[in-house]
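What follows is a short report on a single structure.
Remember, it's 1-based here, ligands and their atoms both numbered in the order they're listed.
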Amino acid sequence: MRSKILATGSNLPAKILTNADLEKLVETSDEWIVSRSGIRERRIVESADTASSLSLPAAKTALSRANLNPGDLDAIIVATITPDMAFPSTACLMQNMLGCRQIPCFDISAGCTGFVYAMKIADAMITTGQYRNILVVGVELLTKITDWTDRSTCVLFGDGAGAAILAPTDDDTGLLGSYWSADGSFAPLLEMPAGGSRMPASEKTVKENLHTVKMLGNETFKAAVRAMEEASLEGIKSAGLEKADIDWLIPHQANIRIIEFTAKRLGISMDKVIITLEKYGNTSAASVPIALDEAMTSGKIKSGDNVLLVAFGAGFTWGSIVFKA
Ligand code: ACO
């Protein structure tokens, strides 16, 4: 038995923050941001928005496209580093908002690799035969943990949510292979230092802006390039495929240069790569499901196509999913 993606959905905030807007906030330029990252604009939430409220429309769209009701769900997994709060999980809050039965609901934290990790967990739960319909969400409100005085990070991030419903299938479509890995020795390169048990919130942590993303961009870039290639090749191998068999590459949308490098190493031309970062920036765990949803609903991905999802993020974590549409 395999698991397959029955349907997807996504939700982006309406408010757009352009590179020109950022030029007014920090010493930067549209030219620098576009040439170094490929990002032109990003979406940002309103202050009342939360991970669950942003995810809800994405989840409802995915459910309705899958012809399922919330009561048909057997589990909810939410991948996020910006949950509504430290606990309870955003997945439990969504279960209540959707009006689901009493089912297992939990969040996972794997940075930008979160959605790929969550898909791998859902696939394992389904292929053991214990669960049928699983809602997998990737959501991030990174602009709520952005240091707007730090030009090296504030130009990169955006907000959004993406969702997919996984269910069992016995035909030849669905998840063919996957890969995941992590290396915690890189943890200090990309982190939010305060707000956990190491450095609980205090006047000092707020004053020092420690409740925001800190990233050593260049070191992270080098590790990302290596890990995206490794995750892609391992995922393709575990699917029993060759590089040439991949019809579509849907990479994490952090930097166009990382994406171009990954595509080149795989021998995939850029017209077979789904790119959303120009308009949405880096939405962390939401970036792969948003791009996946756009690729599925635009009709780019055709029945029988082999699709590679690949991501890299805080931890460091990295991973991939290969599926036949
Ligand atoms: N505008 C203008 N200049 C800037 C800006 C800016 N916004 N930001 C940095 N600079 C300057 C730096 O100060 C530096 O100046 P210096 O040479 O005088 O010291 C110069 O530009 C080059 O800086 P680098 O950091 O070396 O630039 P780089 O080419 O590495 O690009 C970037 C930076 C875009 C952040 C890149 O390193 C990157 O994409 N890193 C990986 C991001 C990633 O994949 N993250 C993982 C996922 S995120 C997650 O999990 C939440």
Quiz prompt | atom 36 (C) of ligand 1 protein-contacted (non-hydrogen atom, under 4.0 angstrom) | solution = yes
Exercise. May I ask you to test the Ile5-Met296 pair for a side-chain heavy-atom distance under 4.5 Å?
Key: yes
Quiz item: For atom 33 (C) of ligand 1, which candidate among Trp32, Phe221, Phe316 holds the nearest heavy atom?
Solution: Trp32
Quiz item: How does Thr28 reach ligand 1, by side chain, by backbone, by both or by neither, if only non-hydrogen atoms under 4.0 Å count?
Solution: both
Self-check item: atom 16 (P) of ligand 1 protein-contacted, heavy-atom criterion under 4.0 angstrom
Solution: no
Quiz item: Any side-chain heavy-atom pair from Met199 and Leu210 closer than 4.5 angstrom?
Solution: yes
Quiz item: Which atom names give the shortest non-hydrogen contact between Cys100 and Pro70, and what distance separates them?
Solution: SG-O, 3.6 Å
Quiz item: If you take all heavy atoms of Thr283 and Gly160, which pair is closest and at what distance?
Solution: CG2-N, 4.3 Å
Self-check item: Per-atom contacts of ligand 1 with Ile258, taking only distances under 4.0 Å to non-hydrogen atoms
Solution: 44 (O)
Quiz prompt | Test of proximity, Arg257 against ligand 1: N or O pairs below 3.5 Å | solution = yes
Quiz item: Are Asn306 and Leu241 side-chain neighbours, meaning at least one heavy-atom pair lies under 4.5 Å?
Solution: yes
Quiz prompt | Contact (N/O only, under 3.5 Å) between Ser37 and ligand 1 | solution = no
Quiz item: Can you tell me if Arg101 uses its side chain to pair, donor with acceptor, with the backbone of Gly71 under 3.5 Å?
Solution: yes
Quiz item: If you link I, L, V, M, F, W and Y whenever their side-chain heavy atoms are under 4.5 Å apart, who else ends up in the same group as Val78?
Solution: Leu6, Val45, Leu54, Leu56, Leu63, Leu68, Leu73, Ile76, Met94, Met97, Leu98, Ile103, Leu135, Val137, Val139, Leu141, Ile165
Quiz prompt | For Met215, atoms of ligand 1 separated by under 4.0 Å from a heavy atom | solution = 42 (C), 45 (N)
Quiz item: Is the closest heavy atom of Thr220 to ligand 1 under 4.0 Å?
Solution: yes
Can you give the donor-acceptor pairs under 3.5 Å from side chains of residues 185-195 to other protein atoms, not counting sequence neighbours?
from	atom 1	to	atom 2	distance (Å)
Ser185	OG	Asp183	OD1	2.7

Quiz item: Near Ala254, which atoms of ligand 1 are under 4.0 Å from a heavy atom of that residue?
Solution: 43 (C), 44 (O)
Practice problem: Might you work through the salt bridge (charged side-chain N to carboxylate O under 4.0 Å, His left out) test for Glu229 and Arg265, ending with a clear yes or no? | Solution: CA-CA 7 Å; Glu229 181 184 5; Arg265 299 304 289 240; 3.3 Å; yes
Quiz item: Under a 4.0 Å heavy-atom limit, does Ile33 contact ligand 1 with its side chain, its backbone, both, or neither?
Solution: neither
Quiz prompt | ligand 1 atoms in contact with Val155 (distance to a heavy atom under 4.0 Å) | solution = 7 (N)
Practice problem: For ligand 1, find out whether one of its N or O atoms is nearer than 3.5 Å to an N or O atom of Arg36. | Solution: yes
Practice problem: Give yes if a backbone or side-chain nitrogen or oxygen of Asn255 is under 3.5 Å from a nitrogen or oxygen of ligand 1, and no if not. | Solution: yes
Quiz item: Short N/O distance, under 3.5 Å, between Ile81 and ligand 1?
Solution: no
Practice problem: Go through ligand 1 atom by atom and flag the ones less than 4.0 Å from a non-hydrogen atom of Leu156. | Solution: 34 (C), 35 (C)
Self-check item: Donor + acceptor pair across side chains of Lys214, Thr212 (<3.5 Å)
Solution: yes
Quiz item: Out of curiosity, does Leu166 fall in the hydrophobic cluster containing Tyr179 (side-chain heavy atoms, cut-off under 4.5 Å, transitive links)?
Solution: no
Quiz prompt | Heteroatom distance test (Asn218, ligand 1): nitrogen or oxygen, under 3.5 angstrom | solution = yes
Quiz item: What's the shortest heavy-atom distance between Arg65 and Thr8, and which atoms?
Solution: NH1-O, 2.8 Å
Quiz item: Taking distance alone, with no angle check, do Gly217 and ligand 1 share an N/O pair under 3.5 Å?
Solution: yes
Practice problem: Looking only at protein heavy atoms, identify the closest one to atom 11 (C) of ligand 1 and say how far it is in Å. | Solution: Arg151 NH2, 3.7 Å
Quiz item: Tell me, do Lys120 and Trp180 make a side-chain contact under 4.5 Å, heavy atoms counted?
Solution: yes
Quiz item: Measuring to protein heavy atoms, does anything land under 4.0 Å from atom 44 (O) of ligand 1?
Solution: yes
Quiz item: Under 4.5 Å between side-chain heavy atoms, hopping through other hydrophobics if needed: is there a path connecting Leu22 to Phe157?
Solution: yes
Quiz item: At their closest point, which heavy atom of Ala231 faces which heavy atom of Val310, and how far apart are they?
Solution: CB-CG2, 3.8 Å
Exercise. For Asn282, take its heavy atoms, then give the atoms of ligand 1 lying under 4.0 Å from any of them.
Key: 47 (C), 48 (S)
Quiz prompt | Whether Glu140 lies under 4.0 Å from ligand 1, heavy atom | solution = no
Exercise. Under 4.0 Å from a heavy atom of Cys112: give me the atoms of ligand 1 that qualify, with their elements.
Key: 47 (C), 48 (S), 49 (C), 50 (O), 51 (C)
Quiz item: Which bit of Val26 gets closer than 4.0 Å to ligand 1, counting heavy atoms only: side chain, backbone, both or neither?
Solution: neither
Practice problem: Using a strict cut-off of 4.0 Å, indicate which atoms of ligand 1 neighbour a heavy atom of Gly313. | Solution: 50 (O)
Quiz item: ligand 1 versus Leu190, non-hydrogen atoms closer than 4.0 Å: side chain, backbone, both, neither?
Solution: side chain
Quiz item: Do the side chain of Ser53 and the main chain of Thr50 share a donor and acceptor less than 3.5 angstrom apart?
Solution: yes
Quiz item: Can you tell which part of Val213 has a heavy atom less than 4.0 Å from ligand 1: side chain, backbone, both or neither?
Solution: neither
Quiz item: Any non-hydrogen protein atom below 4.0 Å of atom 7 (N) of ligand 1?
Solution: yes
